[in-house]
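It should be emphasised that the depicted structure is a prediction, and the values quoted were computed from it without experimental measurement.
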Amino acid sequence: MTTDTQTSGYEIVARQDFSEVTFLLEVRHPMLAKAARAGQFVIVMASEHGERIPLTIADYDRDKGTITLVIQAVGKTTREMQRDLGVGSRLVALVGPMGIPSHIGKAKKVLCVGGGLGVAPVFPQARAFKESGAYVIGVLGFRNRDLVFWEDKFRACCDELILCTDDGSAGIKGLVTEGIRQAIAKHPDIDECVAVGPPVMMKGCAEATRPHRIKTMVSLNPVMVDGTGMCGGCRVKIGEVVKFACVDGPDFDGHLVDFDDLMFRLQRYKATEREAAAKFDENCRMRSIPDAAGGAT
Amino acid sequence: MTTETANGPRKKKKTIRMIPQARTPAHEQDPKARARNFKEVNCGYLVEDAQLEAERCLMCPDQPCVRGCPVNIAIPDFIEKITERDYRGAYDVITASNLLPSVCGRVCPQESQCEGVCTVGESLEPVAIGRLERWVGDLAIKEGWSNIPYIEPSGFRVGIVGSGPAGMACAADMAKAGCEVTVYEAFHEPGGVLKYGIPDFRLPNSIVDAEIEKLKQLGVRFECNTLVGRLFTIEQMVDEMGFHAVFIGTGAGYPSFMGIPGENLNGVLSANELLTRCNLMHAREFPNYDTPMQPGNRVAVIGAGNTAMDALRVCLRLGADSVSCLYRRSRAEAPARVEEIHHAEEEGIVFHWLVSPVEILEDGNRSVRAVRCVRMTLGEPDASGRRRPVPEPGSEFEIEADMVVYAIGTNANPIIGQTSRLKLDKRGYIATDENLATSIPGVYAGGDIVTGAATVIEAMGAGRRAARGMKAYLGLRDTDFVYQDRPDGAASTLFGIDRAEHGYARVRSPR
């Protein structure tokens, strides 16, 4: 049934570069596209020697049989993916959907907040809320105008959209918390907030909604290996209890999450990651030297 | 089975005085050298060692070893074949019951199974059954032997969830019964705990791959990168995907922590994470492989089971200066195999018996500095029959460490429970009857996801037991059962059908 794809990997059918560091991959996996729900993630291996990295599903197309991943090239693995993965190339491993799907409840008015790379994974949730009949207010945060992506996709599924940039080059000037403040001021009856992005941003969102007692769900992305509950690397503190983000999450109540603990635990492999990135830089330089020489002759 | 035949020459009955008195030692890597490499510790027998050790079997008529084996290998029969220099025959005898001799010969706790009840063991050291089994298995891999029986397709399709020892054993039996078997694995490589858990110095991954290859020759298909429950559910397998029977052998993956302060510090991890990074993801070859590993110079491992021993010895091989084991009971109660503890001690692991951690201390930078422990004494026996450890008041002390590894067992993995209506027991494991049938007809489960953490061979035993149940459910004749003429004639038949055939009449049609 899927033996052929299994042996030869998972084909990339589209790629789009949003900026210097952010890019989108659309991967063919009909079964996964059929099973995926908002809020779930996959684990990807780009090469035989690669590491397993968790990525939240940014979109899925059941008719085309594809899922969409948005990746930020920050470490060795993701930069290598940025360099090597084009249309027609294949991922060695792609497994999922993992985690408990987001609970799309009966909320009537929902705030969907995405910051930076988190803009992509909050999209399926915004769309799911829209489909369930809710009034959806999107709040998207980027550093500047050049980094903005998917504004059109959000416009199509949000009743209101607040775009925030750090330098004010697009939308309002300020962080997403400023957007949240404006949205709450205008709509005192917001039932629920969903925030996806870097931990520090999700922490800010949780603090912004806490005084208003708005239920705030955040999607956590800690370090993990298998994504099936087996390694326990992804344990997070939710109130007084320890949970595994991969099988008990990845969505948790933002007002209970210990973000400081999460941010410290994300630093665990910093030193080795730096080493790998430095070595990668070195290799890229070494590779570019013969290229330049070849061009000259 | 007997040592004499009707026409052949009678063999002289062996007595305990006639056999080689000392157990033939296995060749082992020197402890100093092996503590820094990942090559196998136990290098196994040479042919002359195997010959010598095989002579030590008394061929006793009682055969307690066969009953002691979870999969009931005809142990004296294969040993006899070795003495006859019919090594292929020995392999045939083993593989009639056990498809993975190279794996089981290495990782079975023989001292509490076959070797533990060996008749020779009553007066001398028992026959080294495990080493002989391994020798035969390795020889088969080297010679490329495999036993592919004639398989008559039955038309049934069987889905197996998890490619660890339980799934592999079940897959083999169902494939031999003519079923079309598909094994699903969530990781990118098949093998389960044999790959991610047990390190290369105890069970090389090449051996696991060789054994998986034999399953493929039986027609078993492996589908990796498939998370059953989330990609499709158990119910979908039965209702939509056309599987006539399903076996769940997902293992007990959800590591336990103690809930003491400091567990979320950087440098604290589960043995599962450590072993997976090191074994499956090749973190020890970083940066040639991308998966990183935290460096640990002074490592403390909590627990004294086989997983703890693996974690301890892996840390040593990764270059740690000192590696210590913290266990709240004494050596006598340690659940690890005696051989593993012995190997660990030889390699320089420091054991702190009767010690329990109460807090993991921080270095001021969110990393581990030390473990605060309390000394224990043993009190009255508890429910498990082992003496309960009791903390000694005022005995707290610190052990310096920059890495702490938890190897204190696992809880039930929640994924199958979250995504199906299968009945679970109180602890979250899958509830089954004695034939390992679950609450959904046609769905069977076995191994750690039913019993909680156990051994490789017990999981294989469960996989085979479930296979028997599945065959009965599908109406397939039990190929293990040998039909013989009954002396009592008509009394053993019912309407002209042998009573032993009862339950094996075809009641279900695959199409």
Side-chain angles (χ1 to χ4, degrees), chain A residues 1-3 5-6 10 29 31-32 34-36 40 43 45-53 75-77 80 92-101 223-233 235-237 242 244 247-248 258 261 264-265 267-273 275-276 279-280, chain B residues 182 185-189 196 221-227 229-233 236 241 250-257 259 263-267 269-277 280-283 285-295 365-367 406 410-411 413-415 418-419:
Chain A
M1 168 178 56
T2 46
T3 317
T5 47
Q6 300 276 334
Y10 302 87
H29 194 322
M31 245 175 153
L32 181 52
K34 198 170 138 229
Q40 290 186 300
I43 281 190
M45 261 174 91
S47 71
E48 298 285 353
H49 290 206
E51 57 181 330
R52 294 167 64 89
I53 57 165
K76 193 241 170 184
T77 298
E80 203 167 50
V92 166
L94 169 65
V95 56
M98 292 169 154
I100 300 173
V223 175
M224 56 179 79
V225 183
D226 59 300
T228 61
M230 207 197 68
C231 79
R235 55 194 193 278
V236 288
K237 258 194 201 153
V242 173
F244 289 4
V247 288
D248 301 322
D258 185 339
D261 182 71
F264 275 114
R265 284 184 57 77
Q267 306 291 314
R268 278 201 291 163
Y269 293 96
K270 204 80 179 180
T272 35
E273 274 164 11
E275 185 194 322
K279 199 173 160 99
F280 181 71
Chain B
T182 308
E185 165 61 44
F187 266 127
H188 50 282
E189 281 181 30
Y196 76 74
R221 291 197 317 151
F222 286 87
E223 298 246 358
C224 294
N225 296 309
T226 308
L227 181 62
R230 293 282 173 205
L231 189 61
F232 47 81
T233 62
Q236 278 177 303
M241 295 169 69
T250 52
Y254 195 96
S256 301
F257 290 86
E263 277 178 0
N264 267 27
L265 292 175
N266 291 342
L269 71 169
S270 72
N272 268 0
E273 180 173 357
L274 174 91
L275 293 171
T276 306
R277 281 180 185 273
L280 183 73
M281 304 308 297
H282 301 270
E285 292 160 60
F286 183 87
N288 291 333
Y289 281 78
D290 291 339
T291 303
M293 186 84 145
Q294 279 167 303
N365 198 23
R366 294 282 305 176
S367 293
Y406 275 79
T410 53
N411 296 314
N413 188 293
I415 295 178
Q418 284 168 348
T419 56

Seminar exercise, completed: Bottom line for His282(B): the part with an atom under 4.5 Å from chain A's heavy atoms is neither
Exercise. Top residue by heavy-atom pair count (under 4.5 Å) with chain B, among Pro97(A), Ala93(A), Gly50(A), Ser47(A)?
Worked result: Pro97(A)
Problem set entry | From Leu32(A), Ile43(A), Val95(A), residue fulfilling side chain to side chain contact (heavy atoms under 4.5 Å, CB included) relative to Leu227(B) | Val95(A)
Seminar exercise, completed: In terms of heavy-atom contacts, Val242(A) and Asn264(B) come closest through CG2-OD1, 4.5 Å
For this session: Mind checking the CZ-CZ spacing from Phe187(B) to Arg52(A)? Nearest 0.5 Å is all I need.
Result: 5.0 Å
Exercise. What distance separates Glu51(A) CD from Tyr289(B) OH, expressed to the nearest 0.5 Å?
Worked result: 14.0 Å
For this session: Go through the steps to decide whether Glu80(A) and Asp290(B) satisfy the test side-chain contact (heavy atoms from CB on, under 4.5 Å), and finish with yes or no.
Result: CA-CA 11 Å; Glu80(A) 203 167 50; Asp290(B) 291 339; 3.6 Å; yes
For this session: Answer yes or no: are there more than 12 heavy-atom neighbours, outside Phe264(A) itself, under 6.0 Å from its atom CZ?
Result: no
Problem set entry | N/O donor-acceptor pair under 3.5 Å between Arg235(A) side chain and Glu263(B) backbone | yes
For this session: Counting only heavy atoms closer than 4.5 Å, note whether Ile53(A) contacts chain B via side chain, backbone, both or neither.
Result: neither
Exercise. Would you say Met98(A) and Ile415(B) make side-chain contact, with heavy atoms under 4.5 Å?
Worked result: no
For this session: Determine the interplanar angle of the Tyr254(B) and Phe244(A) rings, folded into 0 to 90°, and report it as parallel if under 30°, tilted if 30 to 60°, perpendicular if over 60°.
Result: parallel
Exercise. Roughly how far apart are Asn272(B) CG and Asp226(A) CG, rounded to 0.5 Å?
Worked result: 8.0 Å
Exercise. Arg230(B) and Ala35(A): which non-hydrogen atoms are nearest, and at how many Å?
Worked result: O-CB, 3.6 Å
Seminar exercise, completed: Nearest heavy-atom contact between Phe232(B) and Met31(A) is CD2-CE, 3.4 Å
For this session: Report the option among Gly259(B), Pro255(B), Ser270(B) that has the most heavy-atom pairs separated by less than 4.5 Å from atoms of chain A.
Result: Pro255(B)
Problem set entry | Candidate pair His188(B) and Val92(A), rule side-chain contact (heavy atoms from CB on, under 4.5 Å), full reasoning | CA-CA 8 Å; His188(B) 50 282; Val92(A) 166; 5.7 Å; no
Seminar exercise, completed: Assert top hit (heavy-atom pairs under 4.5 Å, partner chain B, pool Ala36(A), Pro101(A), Gly99(A), Gly227(A)) equals Gly99(A)
Exercise. At a heavy-atom separation under 4.5 Å, does Leu265(B) approach chain A through its side chain, its backbone, both, or neither?
Worked result: backbone
Seminar exercise, completed: Turns out that what part of Tyr406(B) lies under 4.5 Å from chain A's heavy atoms comes down to neither
Seminar exercise, completed: When rounded to the nearest 0.5 Å, the distance separating OG1 of Thr410(B) from CE of Met230(A) is 10.5 Å
Problem set entry | Heavy-atom pairs under 4.5 Å with chain B, option from Val223(A), Val236(A), Leu94(A) with the top count | Leu94(A)
Exercise. Using non-hydrogen atoms only, which part of Leu231(B) is less than 4.5 Å away from chain A: side chain, backbone, both, or neither?
Worked result: both
Problem set entry | Heavy-atom donor-acceptor pair, Asn413(B) side chain to Thr228(A) backbone, under 3.5 Å | yes
For this session: Sort Gln40(A) into side chain, backbone, both or neither according to what part of it lies under 4.5 angstrom from a heavy atom of chain B.
Result: side chain
